[in-house]
Amino acid sequence: MQVVSEGSRWMLRLSEGDDLHEKIGSLVDSAGVKAGAVVMGIGMLGSASIGFWNGREYATRELITPHELVALGGSLAIADGRPSVHLHASLAGPTHAVVGGHLVHGKVGILAEVLVAGFPGRTFGRPMVESLGLRALDLEPAPSE
Amino acid sequence: MQVVSEGSRWMLRLSEGDDLHEKIGSLVDSAGVKAGAVVMGIGMLGSASIGFWNGREYATRELITPHELVALGGSLAIADGRPSVHLHASLAGPTHAVVGGHLVHGKVGILAEVLVAGFPGRTFGRPMVESLGLRALDLEPAPSE
Amino acid sequence: MQVVSEGSRWMLRLSEGDDLHEKIGSLVDSAGVKAGAVVMGIGMLGSASIGFWNGREYATRELITPHELVALGGSLAIADGRPSVHLHASLAGPTHAVVGGHLVHGKVGILAEVLVAGFPGRTFGRPMVESLGLRALDLEPAPSE
């Protein structure tokens, strides 16, 4: 993976086989980004799993053939001391029809280009919210979280 | 709603029931943003209306069930002295198929994460263009507009 | 086309008939942007061609009727001394269903709003990678490339 930065903005160039969540989360250690937004992502995914939250769980669809990554957005936070990357993706297959949702996992095929905007000095959190049954972004978590 | 900023960039964390246009437009009063781009938005919408401009009017589809917000883009301007928020959205339902278009309105379900990039010192306009029959973004409106 | 900037960020307002790749690429000459990310794009396209890379070539679909541009992402580099703009787009037609992929070409209908984030002092490359059969983004090309 190539990474270059400008101010508090990071551009990533991922390669075949790279895991999207893992590579974006690696900015925590390599660049000290503990709060960020994933603002752009394009390229190709070799495989992916997308989910629709039905109120209790993610109804998922496994994409086992390559899809064009046409849009990517999300956030980078710290949960339980580790990188927490939340992504939503739009993916186009051979018919050009677009499917999308919560990106459960995505593995790069050929290449991907991703832009992350950071919030230096901040740490976003993603605590479990029991009433929702899922983890929710917290832009200003209490220091203890 | 939570809001944090870094330079001329604002991250918003919206909650169940929040109106997307209204909350993004509130940055005009709360942060003095009179010119901006909505660069990222993900989460869930509880309900929404999306439109396709057929040359005369928006052909709209009402989404009355929750949809994953997979992509959001747009701009923030001032029209007639008030916030003017123009958004396009991509939304995925339970089948993961994505529908989208001009976002006429969207109400957050569970939560949404939105990033806005501002242009300090500028005011974008959105005057009605009679020949088009719709309001169009103007990056450098005359002072009188 | 209108263009305004803030720091290393450019907002473009395109008009009917503008070619997306050409107008974004014009930032190389007009603003000296030799490395950038296309982070947002909305509006309407009058015509477009979208491609799915099948491993050997782009399987393309020609859209000859207007479509809402609901998402746009990509990168701006220099290849063979000229602007190289790589875009992926999500487009919605009258049924609101979204199709997308690699944007082979796109001509603006009515208007489009685009945001580009630059990396001043850098030059991204897009050399042909023979093993892939396509040009691939290089964030840190050797000076000779």
Side-chain angles (χ1 to χ4, degrees), chain A residues 7-9 35-41 48-55 58-63 70-77 86-92 97-103 115-126 129 131-141, chain B residues 1-18 20 23 31 36-46 50 63 65-74 87-101 108-118:
Chain A
S8 54
R9 191 195 287 153
V38 178
V39 299
M40 188 279 292
S49 174
I50 51 176
F52 173 82
W53 181 255
N54 64 17
Y58 282 109
T60 58
R61 184 200 290 211
E62 299 292 327
L63 302 175
V70 292
L72 185 74
S75 57
L76 173 55
H86 182 208
L87 298 173
H88 280 205
S90 302
L91 298 161
V98 173
V99 294
H102 172 81
L103 188 69
L115 186 71
V116 176
F119 288 78
R122 290 193 177 273
T123 300
F124 292 166
R126 186 131 34 216
V129 178
S131 61
L132 300 177
L134 44 68
R135 287 179 176 275
L137 182 66
D138 186 346
L139 301 182
E140 300 184 285
Chain B
M1 180 175 64
Q2 290 180 309
V3 180
V4 300
S5 68
E6 156 62 23
S8 53
R9 192 194 285 153
W10 284 262
M11 183 90 172
L12 286 60
R13 196 327 206 138
L14 290 76
S15 301
E16 175 99 33
D18 283 345
L20 268 180
K23 291 299 184 184
V38 177
V39 297
M40 189 279 294
I42 66 160
M44 199 97 190
L45 295 189
I50 50 176
L63 302 174
T65 57
H67 279 68
E68 297 276 348
L69 175 63
V70 291
L72 185 74
L87 299 174
H88 280 202
S90 302
L91 298 161
T95 69
H96 306 97
V98 173
V99 294
V108 175
I110 305 179
L111 66 85
E113 312 171 2
V114 174
L115 186 72
V116 176

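Each chain gets a letter, A, B and so on, in the order the sequences are listed, and its residues count up from 1. Note: hydrogens, waters and symmetry copies are ignored here, and every other heavy atom, side chains too, is used.
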Study note, to complete from the structure: If you tally heavy-atom pairs under 4.5 Å between each of A:Ser8, A:Ala59, A:Gly55 and chain B, the highest tally belongs to A:Ser8
Check your understanding: Which bit of A:Leu132 is near chain B, if near means a heavy-atom gap under 4.5 Å: side chain, backbone, both or neither?
Key -> side chain
Study note, to complete from the structure: Scanning both residues in full, the closest heavy-atom pair of B:Lys23 with B:Asp18 reads CE-OD1, 3.2 Å
Review point. Which one, B:Arg9, B:Met44, B:Glu16, leads in non-hydrogen pairs under 4.5 Å with chain A?
Key: B:Arg9
Check your understanding: Between A:His88 (side chain) and B:Leu69 (backbone), is there a donor-acceptor pair under 3.5 Å?
Key -> yes
Check your understanding: Relative to chain B, which segment of A:Ala136 carries a heavy atom at a distance below 4.5 Å: side chain, backbone, both, or neither?
Key -> both
Review point. What part of A:Ala35 lies closer than 4.5 angstrom to a heavy atom of chain B: side chain, backbone, both or neither?
Key: neither
Study note, to complete from the structure: Turns out that what part of B:Ser5 lies under 4.5 Å from chain A's heavy atoms comes down to backbone
Check your understanding: Any side-chain heavy atom of A:Ile50 within less than 4.5 Å of one from A:Val99?
Key -> yes
Exercise for review: Consider only side-chain N and O atoms of B:Glu113 and A:His86, and report whether a donor and an acceptor are under 3.5 Å apart.
Suggested key: yes
Exercise for review: Flag the one option from A:Gly7, A:Gly100, A:Gly101 with the top tally of heavy-atom pairs under 4.5 Å to chain B.
Suggested key: A:Gly100
Exercise for review: Please flag which part of B:Leu72 lies under 4.5 Å from any non-hydrogen atom of chain A: side chain, backbone, both or neither.
Suggested key: neither
Review point. What do you reckon, are the aromatic ring centroids of A:His102 and A:Tyr58 less than 6.0 Å apart?
Key: yes
Review point. Using non-hydrogen atoms only, which part of A:Val38 is less than 4.5 Å away from chain B: side chain, backbone, both, or neither?
Key: backbone
Revision key, fill the gap. So, the part of B:Leu91 with a heavy atom under 4.5 Å from chain A: the answer is neither
Point to revise | Greatest number of heavy atom pairs closer than 4.5 Å to chain B - which of A:Gly51, A:Ser90, A:Gly121 | key: A:Gly51
Review point. In terms of side-chain heavy atoms, does B:Arg13 have a donor or acceptor partner in A:Ser75 at a distance below 3.5 Å?
Key: no
Practice item. Indicate the atoms forming the closest heavy-atom contact of A:Leu139 with A:Arg122, along with that distance. Key: O-NH1, 4.4 Å
Revision key, fill the gap. What one should report as the nearest heavy-atom pair of B:Met11 and A:Ala37 is SD-CB, 3.9 Å
